Amino acid sequence: MLAENASWLFRVTPYITFAAIWVAAALVPTFATGLEFNWSADLIAIVALLGSARFFLALAGMDVGTSFGGIGSSREVMIAALAEPAMLLMVFCVALIAGSTQLSTVATFMASSEVGLRVSLGMAMIALIMVALAENARIPIDNPATHLELTMVHEAMILEYSGRHLAMIEFGAFLKLQLYVSLIICVFFPWQITTEGAGPLSYLVSVAAYILKLVIASFLLAVFETATAKVRVFRVPEFLGAALMLGLLGTLLRFVSRGF
Amino acid sequence: MHNLAFDIAHLLAGGLVLISFMMLYQDRLYALLNIFAAHAVVLALSVAWQAFIQNAPHLYVTAVIALVFKAIIIPVALHRIVKQLGIHRDIETAVGIGPTMLAGMGLVALSMVLMLRVTGAADPLAREDLAFALSVVLLGLLVMVTRRNAVSQVVGFMSLENGLVLAATGAKGMPLVVEISVAFSILIAFIVIGVFLFRIRERFDTVDVGALDEFRGERR
């Protein structure tokens, strides 16, 4: 079902956002490095893909002209404008330590014993988790299950969608959550990840390890969501400001660490 | 082994800077006192680790002093003062939290740039310790500047002193006498400040230092 004054943009947006998120999710190494498109699996490219997906979704939210879509879009863009710098700073911090923004290189570096114990990485991890919560519209920032007018952010933006369009957007949102969890796993917990040229048994082990890590992450997310309450929209800048600060501090602390 | 020792020292000193930031972020008085206690605990751990890797047993004494005085006695005393004064538990900040955090980041960046340039020839461990210690000192000053409440200014002052202890342990060969005398002078200062707090409260019915400015005739 489509609104009468919906333009072509409204109809193509679900496919554009889904495609962008799908590509980004496919770029993140989940259980193996050394993939065919490793050269394009760049952290900054992934941030850009997610950003363009969000851009189209925000445009589509305003397309029909209802007030809900507008309020949802403006809030989503406000959150994104705060989350993206935090994400990029965290990317800089990780890239400075690993020497590359390419995810497979980062994962290989993090899995080696060269990393040691670094306070910068801990800060970057907390910053990434905070950004992931905000970007996926999870509980302290937004409630993915709400339809209450005052609290909707992501849901308000896609309120006008139904049928297969809504399915595409919802599927995109699921993929995005999976992407962020894989990103956290790949950058900070790449244990048992398979490198190029390993035997089939090693692939089996790393798939099992990846699934186990996903299950643990979902469990932790569920525990966190039941333990916290949603914050006011006006508190969101403080939450994401803390993430930004952690990313910046991690980058700064890196400069006084070993070997610099 | 050496790398790991350095990494742990770095972790603890970086944690100290992070807790200083949490102090800037905090807007409740009791939570601020708890964070101050955590600050002192991390300081004690950091000093104890330095004692371990430098093989300097007298630093353990410094660590114990930090733990007993700053992590236990002073926070408990401040809790009691806050309770007895019956003051408002929200902290009124002179500047908003966002700009304060940005200023804090600027100060940390400044101290890193300064220390890395000045101490080029020094041992890397002493270098990073000095850089972190300067940031902790500057952040403590920032807490004092941005808070209107006298109790939180005291907390800022104490965290500034934690930064000085960190700097002293990073530099090898600091005599124990100096550290003990510094610790006791801090305790004396704390007692004097405590007495002053009660006097201020008696006279002006508030510990908001803005009242002092008004009394002097500097109206805003």
Side-chain angles (χ1 to χ4, degrees), chain A residues 78-79 81-83 85-86 88-90 92-94 96-98 109-110 112-130 134 140 188 231-260, chain B residues 1-22 24-27 42 46 49 96-117 119-120 122-136 139 170:
Chain A
M78 180 196 82
I79 292 172
L82 294 161
L88 278 178
L89 271 173
M90 169 259 145
F92 287 148
C93 180
V94 169
L96 274 171
I97 289 171
F109 177 81
M110 294 291 172
S112 70
S113 61
E114 245 178 287
V115 191
L117 189 71
R118 288 176 193 257
V119 67
S120 307
L121 279 180
M123 289 176 183
M125 184 177 77
I126 296 171
L128 180 59
I129 290 172
M130 288 166 100
F188 297 106
V231 300
R232 292 169 65 208
V233 174
F234 296 115
R235 298 270 302 184
V236 169
E238 284 180 25
F239 181 84
L240 286 170
L244 180 78
M245 194 243 5
L246 279 171
L248 198 55
L249 198 60
T251 314
L252 282 177
L253 293 198
R254 191 248 166 270
F255 282 103
V256 281
S257 67
R258 163 160 53 93
F260 203 87
Chain B
M1 179 56 203
H2 181 254
N3 273 345
L4 189 66
F6 181 87
D7 279 346
I8 290 178
H10 190 257
L11 179 79
L12 289 170
L16 209 58
V17 177
L18 185 65
I19 293 177
S20 288
F21 268 99
M22 285 163 70
L24 280 181
Y25 185 80
Q26 197 49 252
D27 56 358
V42 173
S46 175
W49 183 254
I97 285 184
T100 314
M101 300 290 264
L102 284 181
M105 290 314 309
L107 288 178
V108 173
L110 177 77
S111 60
M112 305 266 154
V113 170
L114 183 71
M115 275 302 165
L116 290 185
R117 200 162 288 174
T119 60
D123 174 48
L125 193 61
R127 260 179 105 183
E128 59 100 23
D129 249 4
L130 280 176
F132 284 141
L134 185 62
S135 3
V136 171
L139 288 176

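Since the model is a prediction, treat every value here as computed from it, not as a measurement. What you see below is based on every heavy atom in this structure, not just the backbone, and it leaves out hydrogens, waters and symmetry mates.
Looking only at side-chain heavy atoms (C-beta outward), B/Tyr25 and A/Glu238 come within less than 4.5 Å of each other. Under the 4.5 Å side-chain criterion, counting only non-hydrogen atoms from C-beta, B/Leu18 is in contact with A/Leu246.
Looking at B/Met105, both its backbone and its side chain come within 4.5 Å of chain A, counting heavy atoms on both sides. Both the backbone and the side chain of B/Ala109 come within contact range of chain A, judged by heavy atoms closer than 4.5 Å.
Rounding to the nearest 0.5 Å gives a distance of 10.5 Å between CE of A/Met245 and CG of B/Leu102. Interatomic distance, CG of A/Leu252 versus CZ of B/Phe132, reported as 9.5 Å (0.5 Å rounding).
B/His10 and A/Leu253 get closest at one heavy-atom pair: NE2-O, 3.3 Å.
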